[in-house]
Amino acid sequence: MQFNSRISIFYKPILHNESLTSWICRNALSNYQTPLEFVKYWVNSHKGLNYDFDNKPIYELNSWLYGQGRKNYVSREDLIYRIKISSSFKKTKSKLPAILNVGSFKHIQLQPPQFCPGCLSDFEPYFRFEWRYILIFACDRCNCFLETSCVKCKNPIQLMRLKLIEGNNFNKINNCAFCNFPLGETKSKALNQHQKELNTSLRNILGLNPHFNVKVHIVTLIIDLCNYLCTNDKIATFIRKYFNLKEPKNKFQYLDTLERYNVLNCAWVWLKDFTFITSFFNEELNLNHKYWSSKIYIPNINQVMHCSL
């Protein structure tokens, strides 16, 4: 596709809690360009197809946003917040190796895009930034599990691969980039009351709910525990049996949202009484006495959940 430098682009403002990648794709499609072409030409970057703009917005995009008067569509404060929140968990040192005899886990910054079928069937569908968090398994608006792949072709969601399908017709942002299936037509899985409560608690420690700030030390520890529960370590196996948790089929980050919920629920119960339960496991298995220390700081989940921070 050839572009004329005098072509005027109509920019849509970023929507509430919209991911940066979603906003770029909506603007590309509304101007009859593929997201890859749009980014390559207008942002002067060749990284569009494989680059994750939400995980680490690139310099070219930052310059493009503020060098051409587009700051009215995405504020600098909003962009800085996204960069900060996406990198904060990875930079925080894990406390788990000091508590259990395990290797240090790499904190995943953001998940590949997940989606809520209900939200993507709205009049103006878009992808929420919070759907990228590995700890978020459900939509608090529709009270259903998020989906991680297309129900028809089983491919993961890749917004930057949206393309022309027939003539001048484009994929829509709420269609699968591979098979064009309308993602909003996916049958949603409703949450029960306990699942709703856990999702709310996780949103609180992530700072996604009003009056709550992100608690990085708690977030990173619960990610550590989830990663650990998906290993074959002796204590991890013991803990899964203790909580009647089936052995996960894959690493935590590769599980679907229902499987992630089961692991998260186990980790959350463990974390709520972390000192007692971990001491019990160490004594029961006669392991890690030289590593365990009651002086290690363990966050008090109950205090976090019952006050505005």
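FYI, side chains are in, hydrogens and waters are out, and symmetry mates aren't considered; it's all heavy atoms of this structure.
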Worksheet entry | E147 vs D256, side chain to side chain contact (heavy atoms under 4.5 Å, CB included): CA-CA, chis, key distance, verdict | CA-CA 7 Å; E147 300 293 332; D256 63 30; over 6 Å; no

Discussion item. As a quick check of understanding, evaluate side chain to side chain contact (heavy atoms under 4.5 Å, CB included) for I136 and L208, giving each step before the final call.
Written reply: CA-CA 10 Å; I136 294 298; L208 297 176; 4.0 Å; yes

Over all heavy atoms of both residues, which pair between [X] and [Y] is shortest? Give the atoms and the distance, please.
{"X": "Y133", "Y": "R260", "result": "O-NH2, 4.3 Å"}
{"X": "P182", "Y": "N175", "result": "CA-OD1, 3.4 Å"}
{"X": "W23", "Y": "P13", "result": "NE1-C, 3.5 Å"}
{"X": "M160", "Y": "C25", "result": "SD-SG, 3.8 Å"}
{"X": "P35", "Y": "L29", "result": "CD-CD2, 4.3 Å"}
{"X": "T231", "Y": "N227", "result": "CG2-O, 3.3 Å"}

Discussion item. Under the criterion side chain to side chain contact (heavy atoms under 4.5 Å, CB included), I'd like the reasoning laid out for C142 against S188: C-alpha separation, chi angles, the key distance, then a yes or no.
Written reply: CA-CA 9 Å; C142 301; S188 59; over 6 Å; no

Is there a path of hydrophobic side-chain contacts, each under 4.5 Å between heavy atoms of I, L, V, M, F, W or Y residues, that connects [X] with [Y]?
{"X": "L264", "Y": "W268", "result": "yes"}
{"X": "L229", "Y": "L255", "result": "yes"}
{"X": "F115", "Y": "L258", "result": "yes"}
{"X": "I173", "Y": "F178", "result": "no"}

Worksheet item: Among all residues two or more places apart in sequence or in another chain, which pass the ring-ring contact (aromatic ring centres under 6.0 Å, His included) test with F238?
Response: F281

Practice prompt. Check ring-ring contact (aromatic ring centres under 6.0 Å, His included) between Y261 and all other residues, then give those that pass, not counting sequence neighbours.
Written response: F137

Partner set under side chain to side chain donor-acceptor pair (under 3.5 Å) for [X], not counting sequence neighbours:
{"X": "N209", "answer": "R203, N204"}
{"X": "N265", "answer": "H194"}
{"X": "K152", "answer": "none"}

Separation between [atom1] of [X] and [atom2] of [Y], rounded to the nearest 0.5 Å:
{"X": "F127", "Y": "N17", "atom1": "CZ", "atom2": "CG", "answer": "13.5 Å"}
{"X": "N244", "Y": "C266", "atom1": "CG", "atom2": "SG", "answer": "9.5 Å"}
{"X": "L225", "Y": "I239", "atom1": "CG", "atom2": "CD1", "answer": "8.0 Å"}
{"X": "C119", "Y": "E124", "atom1": "SG", "atom2": "CD", "answer": "13.0 Å"}
{"X": "N143", "Y": "N192", "atom1": "CG", "atom2": "CG", "answer": "10.5 Å"}
{"X": "L146", "Y": "K189", "atom1": "CG", "atom2": "NZ", "answer": "10.0 Å"}

Worksheet item: If only atom types and distance count, is the side chain of S121 paired as donor or acceptor with the main-chain N or O of G184 below 3.5 Å?
Response: no

Fill in: N174 side chain to L120 backbone, donor-acceptor under 3.5 Å
yes

With a 4.5 Å heavy-atom cut-off, do [X] and [Y] have their side chains touching?
{"X": "V263", "Y": "C230", "value": "yes"}
{"X": "C176", "Y": "C153", "value": "yes"}
{"X": "Y228", "Y": "W270", "value": "yes"}
{"X": "T34", "Y": "L162", "value": "no"}
{"X": "I14", "Y": "Y126", "value": "no"}
{"X": "I157", "Y": "L183", "value": "yes"}
{"X": "I218", "Y": "L271", "value": "yes"}
{"X": "R141", "Y": "D122", "value": "yes"}

Practice prompt. Mind running side chain to side chain donor-acceptor pair (under 3.5 Å) on T200 and E197 for me, showing each step along the way?
Written response: CA-CA 5 Å; T200 299; E197 292 172 357; over 6 Å; no

Worksheet item: Judged by modelled atom types alone, do Q114 and R128 share a side-chain donor-acceptor pair under 3.5 Å?
Response: no

Worksheet item: Applying salt bridge (Lys or Arg N to Asp or Glu O under 4.0 Å), which residue pairs with at least one partner in residues 236-251 are found, sequence neighbours left out?
Response: none

